[in-house]
Novice: 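Before we start, here is the structure in question, set down as structure tokens.
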2 protein chains.
Amino acid sequence: MINQGDPFEGLYIVHCGMLKQSYQRRYDELITHFFLPGDVIGLDAIGYRCYAGTVATVETSGLRLIPFRCIEDLSSPEARLKELICCLSEAMHDEHTRLWQILNQPSDVKVAGFFITMSYKFRNQGCSPHSFRLPMSRQEIANYLCMASETACRIIKRFQKQGLLSARGHEYCILDPEGLTSIAEQ
Amino acid sequence: MINQGDPFEGLYIVHCGMLKQSYQRRYDELITHFFLPGDVIGLDAIGYRCYAGTVATVETSGLRLIPFRCIEDLSSPEARLKELICCLSEAMHDEHTRLWQILNQPSDVKVAGFFITMSYKFRNQGCSPHSFRLPMSRQEIANYLCMASETACRIIKRFQKQGLLSARGHEYCILDPEGLTSIAEQ
DNA sequence: CGTCCGTTTGAAGAGTATCAATCCGTGTGG
DNA sequence: CCACACGGATTGATACTCTTCAAACGGACG
């Protein structure tokens, strides 16, 4: 889809499905974003005129391109530009939240926070916040949360034993939102 | 100066000195930014209309305020808005870089990367990239890099033994830039 | 001189990564 | 229809980095 370093051609709005953005180094990569419907892809590409990471689908997805010239075009209404500015700033803020979620927190807090965040995003889409499907693999979740996939497995299993959630394949049920939240906000 | 949650009043451009932005939780705080001359404070506050973190001086600093109304004012030239958009996007990208620097990397890589980044920033200001003063404490550096202050101490001491840099109080000399870079890019 | 705060140093412990093996579901070819 | 293989998921044992706790040290300042 999009490769890290590709020249910036425009923003993409996600209509359906799920995508991931990853930042590549020598031999490994770090997943920096999961994009759900309503999210904007490419905000971090405007300034340096090239995409900051590789974007790939996690499941079949629908996108809409907003070409670069529409952003750069001086004749576009200023309202749009300001909308974009707010969008950028909010994305930056959300990034801080994620950064905090991950840094300095033990793994179980990170995993709990991940499921709470996902639940919240599905609720915003009008889907059930208690039962949903996450198309990404455990390894991708672990990478996103910066931990070994084995660690993610063990914690998910522990959460199941504690009755906090159930996981069968890619289907997840949040059984105890309060319990998970209390762990995430530890 | 600025407290987390304060209503957004405008952006600040740093003219001289150094400041820090920290994100506060229950009992602890995470330093998310060190602002050097040329940096912009408050980009992450535009969208949600309130400052995302507490900003405080690390040493005496000079700032210039760009009031909110200048940003919101419809009559402002569009060129300025687009400049702001690029600024936001670049800041977001730089944030990714920092996020990567910290996540998943052993402590010595983080510390080496920190000094390389600082050296680079001083060079951009026209100061010596080999010898400079960092007004922040070791504890603040450690917090910024998400590690215990003792760990930061030990690594700085090890770097000194290896002849990579020298540190006397807040004065630092980069003795072996290539050596540090090779550790940082590990 | 004594106190305070930041720095440094040491020893112990917790948490997580790593490695290795096994399990499981899916798809493939005979 | 049934082995078989493959990738992901799971589980266990081990090693290691880093944090934590505790204490000593140093300079700044009243």
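The structure presented is a predicted model; accordingly, all values stated were derived computationally and were not measured. Proteins get letters first, then strands, A, B, ... in listed order; numbering begins at 1 in each.
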Novice: Please state how far atom CD in A:Gln105 lies from atom P in D:dC18, giving the value in whole angstrom units.
Specialist: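 Distance check: A:Gln105 CD to D:dC18 P gives 18 Å.
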Novice: Would you mind telling me which of C:dA11, C:dT8, D:dT11 lies closest to the side-chain atoms of A:Arg154?
Specialist: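 Out of C:dA11, C:dT8, D:dT11, the nucleotide with an atom closest to A:Arg154's side chain is D:dT11.
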Novice: For the pair A:Leu11 and A:Ile46, evaluate side-chain contact (heavy atoms from CB on, under 4.5 Å) and give the outcome as yes or no after the intermediate values.
Specialist: CA-CA 9 Å; A:Leu11 303 173; A:Ile46 302 173; 4.2 Å; yes
Novice: Round to the nearest Å and state the distance from B:Met147 atom CE to D:dT17 atom C1'.
Specialist: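 Interatomic distance, CE of B:Met147 to C1' of D:dT17: 12 Å.
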Novice: Could you work out which one of D:dC18, C:dT18, D:dC21 sits closest to the side chain of A:Ala148?
Specialist: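 The closest nucleotide is C:dT18.
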Novice: Between atom CD1 in B:Ile156 and atom C1' in C:dG6, what is the gap in whole Å?
Specialist: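 Distance, rounded to whole Å: 13 Å.
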Novice: So if I take every side-chain heavy atom of A:Lys157 and compare against D:dA9, C:dT8, D:dT11, which nucleotide ends up nearest?
Specialist: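 The answer is D:dT11, which lies nearest to the side chain.
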Novice: Kindly point out which of C:dT7, D:dC18, D:dT19 is positioned nearest to the side chain of B:His170?
Specialist: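 Minimum distance to the B:His170 side chain belongs to C:dT7.
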Novice: Distance check needed: D:dT11 P versus A:Arg138 CZ, whole Å only.
Specialist: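 These atoms are roughly 10 Å apart.
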Novice: Side-chain contact, heavy-atom cut-off 4.5 Å: B:Phe114 with B:Met118?
Specialist: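 B:Phe114 reaches B:Met118 side chain to side chain.
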Novice: Quickly work out the B:Ile141 CD1 to C:dG6 C1' distance and round it to whole Å.
Specialist: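 Atom CD1 in B:Ile141 sits about 12 Å away from atom C1' in C:dG6.
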Novice: I would like to know whether A:Phe35 and A:Val58 meet side-chain contact (heavy atoms from CB on, under 4.5 Å); could you show each step before the answer?
Specialist: CA-CA 9 Å; A:Phe35 294 110; A:Val58 179; over 6 Å; no
Novice: With no angle test and no hydrogens, is the base of C:dG25 tied to the side chain of A:Arg168 by a donor-acceptor pair under 3.5 Å?
Specialist: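 When only heavy-atom distances are counted, A:Arg168 does not reach the base of C:dG25 through any donor-acceptor pair under 3.5 Å.
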Novice: Of the options D:dC18, C:dT7, D:dT10, whose atoms approach the side-chain atoms of B:Pro106 most closely?
Specialist: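 Of all the options, the side chain of B:Pro106 is nearest to D:dC18.
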Novice: What are the two closest non-hydrogen atoms of B:Ile155 and B:Ser107, and how far apart are they?
Specialist: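 Distance-wise, the nearest heavy atoms are CD1-CB, 3.3 Å.
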Novice: Between atom CD1 in B:Ile155 and atom C1' in C:dT7, what is the gap in whole Å?
Specialist: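 Checked: the CD1 to C1' distance equals 15 Å.
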Novice: If I take atom CZ in residue A:Phe159 and atom C1' in nucleotide D:dT10, what distance separates them, rounded to the nearest angstrom?
Specialist: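 About 17 Å, once rounded to whole Å.
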Novice: Measure the distance from CG on B:Asp108 to C1' on D:dC16 and round it to the nearest whole Å.
Specialist: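 Going from B:Asp108 (CG) to D:dC16 (C1'), I get 13 Å.
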Novice: Test side-chain contact (heavy atoms from CB on, under 4.5 Å) on A:Met136 and A:Ile31 and set out the steps.
Specialist: CA-CA 11 Å; A:Met136 70 284 271; A:Ile31 297 176; over 6 Å; no
Novice: Counting any heavy atom closer than 4.0 Å, what does B:Thr151 reach on the DNA or RNA strands: base, sugar-phosphate only, or nothing?
Specialist: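 Base, at least one base heavy atom under 4.0 Å.
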Novice: Establish whether the base of D:dC21 is bridged to the side chain of B:Glu150 by a donor-acceptor pair shorter than 3.5 Å.
Specialist: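 When only heavy-atom distances are counted, B:Glu150 does reach the base of D:dC21 through a donor-acceptor pair under 3.5 Å.
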